[in-house]
Amino acid sequence: MTDKPRLRFAPSPTGYLHIGGARTALFNWLYARRHGGTFILRIEDTDKSRSTEESVEAIFDGMRWLGLDWDEGPYRQTDRLDIYREHAERLIEKDLAYRCYCTKEEIEAQRKAQLEAGASQFRYTGRCRKRPDHPDQPCVIRVRMPQSGETKFEDLVKGAITTSHETIQDEVILRPDGIPLYNFGAVVDDATMGIDIVARGDDHVNNTARQILIYQALGYEPPRFAHLPMILGRDKQRLSKRHGAVSVTWYREAGYLPHAMVNYLVRLGWSLDDKTEIFSLDDLLRDFSFDRVGQSAAIFDPDKLQWINHHWMMESSGRELAAPLAEQLAKLGVDAHGDPRLERLAELFKARTKTLAEMAERARVYLSEGVGEYQAKAKRKFLVEASRPHLEAIRERLEKEPPEGIDECGLEEWMREYAESRSVGLGKVAQPLRVALVGGTASPGICETIALVGRDESIRRIEAALQVIE
RNA sequence: GGCCCCUUCGUCUAGUGGUAAGGACGUCGGCCUCUCACGCCGAAAACAUGGGUUCGAGUCCCGUAGGGGUCACCA
């Protein structure tokens, strides 16, 4: 490998960009960026029945959102059919591959026969290994694989891996319609694109020996491999749609920060030391390496993702959060774009919520007219006769405030003095007021809340609450 | 079933023959306090199992169990 490594992410566009794929992309991207190398995006769309254009777009979207930009591509395998054909022909010429005229039905019969005879797995009989060519008949092309011996390679994360050739058969590499099969397309592409390290999910370890054999047949130097452990669901089964939220897009919609996603994903399987959990992009670009990737599968933990998201919300300013908060509000039917209160809202709620979606729900009542329904329990406890004098006193005081720019400090001082003069704790005053202002017992500091709601709306809400008491 | 890979608190992990097995999420308790959070302090919680090797094993070897992956004219 040169000092400018070339890596790639090669998804097949058969659905959304999911968590596992995103992490694979991320690790490749990090390694390439960290070493000043090249990151290539390649779409493996040779399975025409499952590939869709929407999926291609979803992959682009997801990667862009996460900030994983690519230097080359997107290449598409369906644009490169000539290249595969040419490579396959080359193998046939050297007698390292051959045309196979067995039909699917025949293969199926062979399989059945072998299994019935007690074979533990099917292996192509090699019937066409020596058959003469019939250029006009439809056929697939198979590579001639060694029938004994073994292939070893040193995986960057898993260490030495050995595969016996007994378990490898003469793979089909090209279908009658000229579409390559995975193990061939990937090899031809990785070789011709000059890929130095292939980092992919460890569901591909068993393909690696076959691929190395194909590299060798083709006369190419195999790259190095890094097989990343799988991501599992709570039940230790491979993470899939039935575990719920697995697409990157879902997390964007749910109000996660892209950087939090990156931070969490990288920690799923990779660690720097015995204590660091939080990584900025700069940190990762400096510290990421394949040799610190763990070898065992990891269970996806939404709670920890939330915690990390919360952390990065805390690191963000209200200003940075305002726009994404407005997006989330829009989904709730609240048009707050450009509202000057957004920043303050984000500032006050970033410590109190885990996601931007949650923040929007909480912020909603501050932007609406009136509080809607009071929480039953809060209403019963605080909107009671004993609260009336306090609420009235505050209303009077608020009427003296300027309509804009409430002096929070002054107001707080007044409120403390007021509570003291009535010989009650501040809570006796603040809680009923809180319920009046936001409909429930939880909110930021009471004076911050008043300022947020605004003088006039606060007065209206207090009056509404007084009505309720009667 | 064959083959490949994996196995430290519930979860993510540190650990590269000698540690009181460390951190984080979550959980529980406390502090702070106008509520809710944030923050802070504290607690419970792990080396799958049986054999070796060694003066000494979470760390090395073998077996067992468990988990995952893979065995296509899918990727």
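Any value given below was found using the heavy atoms of this structure, including those in side chains, with hydrogens, waters and symmetry copies removed. Quick caveat: nothing in here was measured; it's all calculated off a predicted structure. Throughout, a chain's letter reflects where its sequence line sits, starting with A, and its residues are numbered from 1.
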Take A:Glu412 and A:Arg416 through the test salt bridge (charged side-chain N to carboxylate O under 4.0 Å, His left out) and record every step on the way to the result. CA-CA 6 Å; A:Glu412 176 156 353; A:Arg416 284 185 189 283; 2.9 Å; yes
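- Contact between the side-chain N/O atoms of A:Lys236 and the OP1/OP2 oxygens of B:U11 is found at a separation under 4.0 Å.
- Checked against a 6.0 Å centroid threshold, the rings of A:Phe288 and A:Phe290 count as neighbours.
- In this structure, A:Ser120 reaches the bases: a heavy-atom distance under 4.0 Å links it to at least one base atom across the strands shown.
- In this structure, A:Ser271 reaches the B:A14 phosphate: one of its side-chain N or O atoms is under 4.0 Å from OP1 or OP2.
- Put simply, CG on A:Leu232 is 10 Å from C1' on B:G69, counting in whole angstrom units.
- Salt bridge status for A:Glu44 with A:Arg76: absent, with no side-chain N to carboxylate O gap under 4.0 Å.
- Side-chain polar atoms of A:Arg200 and A:Thr24 form no donor-acceptor pair below 3.5 angstrom.
- Using a 4.0 Å heavy-atom distance criterion, A:Thr162 is classed as a sugar-phosphate-only contact.
- In the interface, the side chain of A:Gln121 is not paired with the base of B:G1 through any donor and acceptor atom under 3.5 Å apart.
- Among the heavy atoms of the strands lying under 4.0 Å from A:Val172 are primed sugar atoms or P, OP1, OP2 only; no base atom is included.
- A donor-acceptor contact under 3.5 Å links the side chain of A:Arg434 to the base of B:C34.
- Evaluation of atom-type donor-acceptor distances gives no pair under 3.5 Å for the side chain of A:Arg352 against the base of B:C38.
- Among the heavy atoms of the strands, none lies under 4.0 Å from A:Arg362.
- Close to B:U35, at under 4.0 Å from its OP1 or OP2, lies no side-chain N or O of A:Gln431.
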